[in-house]
Protein chains: 2
Amino acid sequence: MATITDVAQAAGVSISTVSYALSGKRSIAASTRQRIMRAIDELEYEPNAGARMLAGARTNILALSAPLGPDGHLPTHMRFVTSVVEAARAHDYDVLLLATDDEVSGIRRAASRSLIDGVVIMGVATVDERVPLVRRLGLPSAFIGVPPGVDDMSCIDLDFDRAGRDAVAMLADAGHTAIGVIGHPHSYVDRDTNFIRRFTHGFDEECRARGVRTATQWPEIGRTGGQQAYDRLREQLPEMTALVFHCNEPIVEGALRRIAQLGLSIPDDLSVLAACASYAADELETPLSAIPLPLDEMCHSAVENALALVDSLGHPQVTLIAPTYLDRGSIAAPKPAAHPA
Amino acid sequence: MATITDVAQAAGVSISTVSYALSGKRSIAASTRQRIMRAIDELEYEPNAGARMLAGARTNILALSAPLGPDGHLPTHMRFVTSVVEAARAHDYDVLLLATDDEVSGIRRAASRSLIDGVVIMGVATVDERVPLVRRLGLPSAFIGVPPGVDDMSCIDLDFDRAGRDAVAMLADAGHTAIGVIGHPHSYVDRDTNFIRRFTHGFDEECRARGVRTATQWPEIGRTGGQQAYDRLREQLPEMTALVFHCNEPIVEGALRRIAQLGLSIPDDLSVLAACASYAADELETPLSAIPLPLDEMCHSAVENALALVDSLGHPQVTLIAPTYLDRGSIAAPKPAAHPA
DNA sequence: GCGCATTATCGAAGCGCTTCGACGATTGTC
DNA sequence: GACAATCGTCGAAGCGCTTCGATAATGCGC
């Protein structure tokens with residue numbers, strides 16, 4: 001493998017000149033730069049990563065802390081991971097995947113060994129050891145999701161509170177006054193996951209403000225959970241004319257199947273909105289209007305947040321992305337009531 | 001951050017002594033070793049990764065080349081990735097995740113920069129540029145899956161040919177003489193994926209040997225594809241009394257749903273076997289007897305294969321894992337025929 | 001109790017890079 | 001046309017580690 005010395009020799013300059021030509025930290029004559037670049041191409045030179053880490057302060061590696069909980073949703077998880085890798089590559093960074101049970105030790109190890117420049121943290125729990133850890137380590141970090149009560153770290157997330165309000169507003173504006181919600185599996189809720197709490201808060205507030213009646217089901221995990229949840233919801237809120245999903249695909253699919261079984265049609269009998277959908281809501285059996293989870297945007301911002309801290313540009317801050325709406329025709333006005341007032 | 005010099009000072013020895021105490025490459029007096037270890041603990045010393053890479057020949061990083069094709073199955077993909085990470089950690093290795101479109105450049109970059117000791121390669125295509133690449137780079141590599149015609153590389157895979165034979169044998173032994181197969185989405189087949197070909201080969205051979213009639217459907221991707229495939233299969237092979245799945249969850253679920261819709265019960269009306277199942281076939285609506293894909297075993301072996309080459313222990317070789325069988329009661333003897341011979 | 005192998009330790013070289021200070025050569029200023 | 005500022009380049013230090021002799025201390029046989 002060619003070293004910088006080989007390149008310097010081939011180009012007839014000193015190694016520091018090569019280094020500066022590559023980093024751009026000092027000006028280099030155009031002709032010299034060209035000779036250097038040609039030598040680099042010919043020798044297929046790639047700078048040695050270890051030497052770079054040791055000499056410079058940079059490793060060009062970002063850790064991705066992605067614990068897959070016992071009930072984690074594999075496809076969503078994978079989408080985040082892939083998206084972070086792509087975002088990192090766009091900045092010439094590689095990703096070290098930390099995905100074992102013990103997230104803390106992984107981050108600590110990689111950081112103490114100066115293997116990484118920073119870390120992107122996903123799957124944030126309400127009480128997350130990684131928050132004090134990266135704070136103590138002074139490690140440039142970007143959270144995907146907002147740990148409750150944190151404001152001294154870079155976090156990126158959908159504005160779930162706003163998404164909850166928008167969901168209500170959209171359906172209420174269409175004329176609905178009784179909206180059911182099928183949420184995430186109750187095992188998520190038991191862990192008191194922050195984004196669920198924020199969505200619910202916004203949703204409930206807006207319902208109260210608008211006098212909309214509502215009921216929520218937190219199902220069992222999986223397709224069957226979705227079916228059951230829908231049945232329970234009908235008992236709880238028989239007058240329901242609109243349904244909001246705030247959950248992952250399998251539950252949506254289970255509920256949609258049940259709805260079809262009952263002979264109900266969307267949106268004629270029931271308006272449906274997929275809120276904060278990490279999946280492609282247009283590939284369901286019934287395409288659903290959605291407030292999409294801007295997954296790629298979140299991952300890209302997270303990577304940029306982390307790298308900004310690495311470069312000491314700006315300060316950590318919490319960013320909430322405004323929800324958007326994608327109409328796929330699953331929302332309509334409710335049927336005229338059987339006995340109007 | 002503490003350096004080896006700090007540790008040496010604290011323990012009252014030279015840095016080389018500390019290094020040898022850590023690597024065990026020369027004998028160190030027990031008392032000295034203890035002092036050193038105490039110093040390491042107190043100072044929370046972790047060796048600098050860059051320095052290690054530069055001085056030693058090791059980086060303790062393994063690349064994972066995991067291209068997610070356009071039709072890749074996210075959950076299966078994630079299971080592999082997670083499993084590789086865990087296997088690597090068991091050997092004190094970290095994983096650099098290469099998961100962009102351009103796999104070749106990722107591997108080349110990481111290798112040329114001496115960032116990685118080796119690479120684990122998954123999602124092997126029939127004609128895979130990564131084979132000549134790692135061969136040319138002389139990079140220790142382990143394939144998960146066997147690229148066709150390759151015998152000079154470490155590969156680990158399920159013995160798909162054998163799995164195909166076993167599937168037939170198991171059902172034929174139970175008395176079935178007409179077996180339908182629902183395979184992977186035809187987009188996989190079009191790419192001429194090697195493992196599908198091997199399964200099919202073993203399956204067909206065994207059918208021929210035993211005089212079993214068979215038909216295969218390569219469905220569209222997704223749940224709906226599964227339903228359609230089952231319907232077509234019934235037309236093609238009306239006397240079918242057993243069904244083999246060689247595909248991913250969504251297709252299985254679609255087909256199972258169709259089977260339930262038709263009022264058929266498993267295994268009374270239809271025996272079903274999930275072959276090479278990467279998913280938990282006991283969590284389906286109807287638990288299925290299966291020939292499981294030994295995913296963890298494959299990933300662990302792949303990591304060990306790669307590390308063996310890093311340590312120059314042994315030579316590359318192709319290993320096929322013998323299929324196993326998990327009985328979950330979805331296979332029974334066929335119903336006595338309506339008009340016996 | 002002498003030589004010899006073994007054990008325990010040290011010092012120094014060197015891995016390939018970044019970066020600082022130095023210095024001659026240009027360029028610009030009044 | 002003298003002086004300063006800037007440009008382009010070089011040499012050398014040093015990042016933290018591994019590893020190769022070298023050296024001192026110990027154990028052993030006879």
Side-chain angles (χ1 to χ4, degrees), chain A residues 1-37 39-40 43-61 92 109-117 310-311, chain B residues 1-37 39-40 43-61 92 109-117 310-311:
Chain A
M1 258 162 248
T3 72
I4 198 172
T5 309
D6 301 329
V7 174
Q9 251 159 22
V13 297
S14 75
I15 62 163
S16 50
T17 306
V18 176
S19 180
Y20 285 122
L22 244 26
S23 70
K25 293 193 178 171
R26 280 195 189 175
S27 47
I28 296 289
S31 60
T32 310
R33 161 173 285 117
Q34 275 175 11
R35 259 182 303 135
I36 292 176
M37 290 309 173
I40 287 179
L43 296 169
E44 297 192 333
Y45 167 74
E46 288 273 357
N48 178 291
R52 253 202 173 154
M53 293 185 193
L54 187 54
R58 285 298 170 66
T59 70
N60 274 265
I61 301 179
D92 197 31
R109 174 169 34 82
S112 313
R113 294 186 180 177
S114 302
L115 220 197
I116 54 173
D117 290 339
V310 171
D311 292 329
Chain B
M1 258 164 244
T3 72
I4 198 172
T5 310
D6 301 330
V7 174
Q9 250 159 23
V13 296
S14 75
I15 62 163
S16 51
T17 305
V18 176
S19 179
Y20 285 123
L22 244 26
S23 70
K25 293 191 180 175
R26 281 195 187 174
S27 47
I28 296 289
S31 60
T32 311
R33 160 171 288 117
Q34 275 175 12
R35 258 181 304 136
I36 293 175
M37 290 310 171
I40 287 178
L43 296 169
E44 297 191 335
Y45 166 73
E46 289 272 357
N48 179 291
R52 261 212 166 141
M53 291 185 196
L54 188 54
R58 285 297 170 67
T59 69
N60 274 264
I61 301 178
D92 197 31
R109 176 170 31 82
S112 313
R113 294 185 181 178
S114 301
L115 219 197
I116 55 173
D117 290 339
V310 172
D311 293 330

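Being a predicted model, the structure only gives us computed values, none of them experimental. Letters go in sequence order (proteins before strands), and every chain restarts at 1.
Within the 4.0 angstrom heavy-atom criterion, no nucleotide atom of any strand lies near Ser23(A). Contacts of Ser114(A) with the nucleic acid, taken as non-hydrogen atoms under 4.0 Å apart, are absent.
Fit an axis to the five pairs at each end of the helix from dG1(C)-dC30(D) to dC30(C)-dG1(D) and the two axes sit 30° apart, to the nearest 10 degrees.
Under the side-chain contact (heavy atoms from CB on, under 4.5 Å) criterion, Ala10(B) pairs with Ala39(B), Leu43(B), sequence neighbours left out. Residues forming a side-chain contact (heavy atoms from CB on, under 4.5 Å) with Asp117(A) (at least two apart in sequence, or on another chain): Arg58(A), Thr59(A), Tyr93(A), Val310(A).
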Scan the side chains in residues 18-35 of chain A for donor-acceptor partners under 3.5 Å anywhere in the protein, sequence neighbours excluded, and list what turns up.
unit_1	atom_1	unit_2	atom_2	d
Ser23(A)	OG	Ser19(A)	O	3.3
Ser23(A)	OG	Lys25(A)	N	3.3
Arg35(A)	NH1	Ala11(A)	O	2.6

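A side chain to side chain donor-acceptor pair (under 3.5 Å) check over residues 43-52 of chain A, counting only residues at least two apart or in different chains, returns the pairs Glu46(A)-Arg113(B). Listed by first then second residue, pairs satisfying side chain to side chain donor-acceptor pair (under 3.5 Å) with a partner in residues 4-15 of chain B read Ser14(B)-Ser16(B), Ser14(B)-Thr17(B), not counting sequence neighbours.
Distance Gln34(B) CD to dA8(C) C1': 16 Å, rounded to the nearest Å. The distance between atom CD1 of Ile28(A) and atom P of dT19(C), rounded to the nearest whole Å, is 13 Å. The CZ-P distance, from Arg33(A) to dT9(D), rounds to 9 Å in whole Å. Between the CG atom of Leu22(A) and the P atom of dC17(C) there is a distance of 9 Å, given to the nearest Å.
In this model, the phosphate group of dT18(C) is not approached by any side-chain N or O of Lys25(A) to a distance below 4.0 Å at OP1 or OP2. Applying the 4.0 Å criterion to OP1 and OP2 of dC17(C), one finds that Ser19(A) has every side-chain N and O outside that range.
Taking 4.5 Å as the limit, some side-chain heavy atom of Met53(B) sits within range of a side-chain heavy atom of Ile61(B).
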Original post:
If the sugar-phosphate is the primed atoms plus P, OP1 and OP2 and the base is the rest, what is the B/S/- string for nucleotides 10-16 of chain C, using protein heavy atoms under 4.0 Å?
Top reply: BB--BBB
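Rounding to the nearest 0.5 Å places CG of Leu115(B) at 8.5 Å from CZ of Arg109(B).
The minimum heavy-atom distance between Met1(A) and Ser114(B), with the atom names listed, is SD-OG, 3.8 Å.
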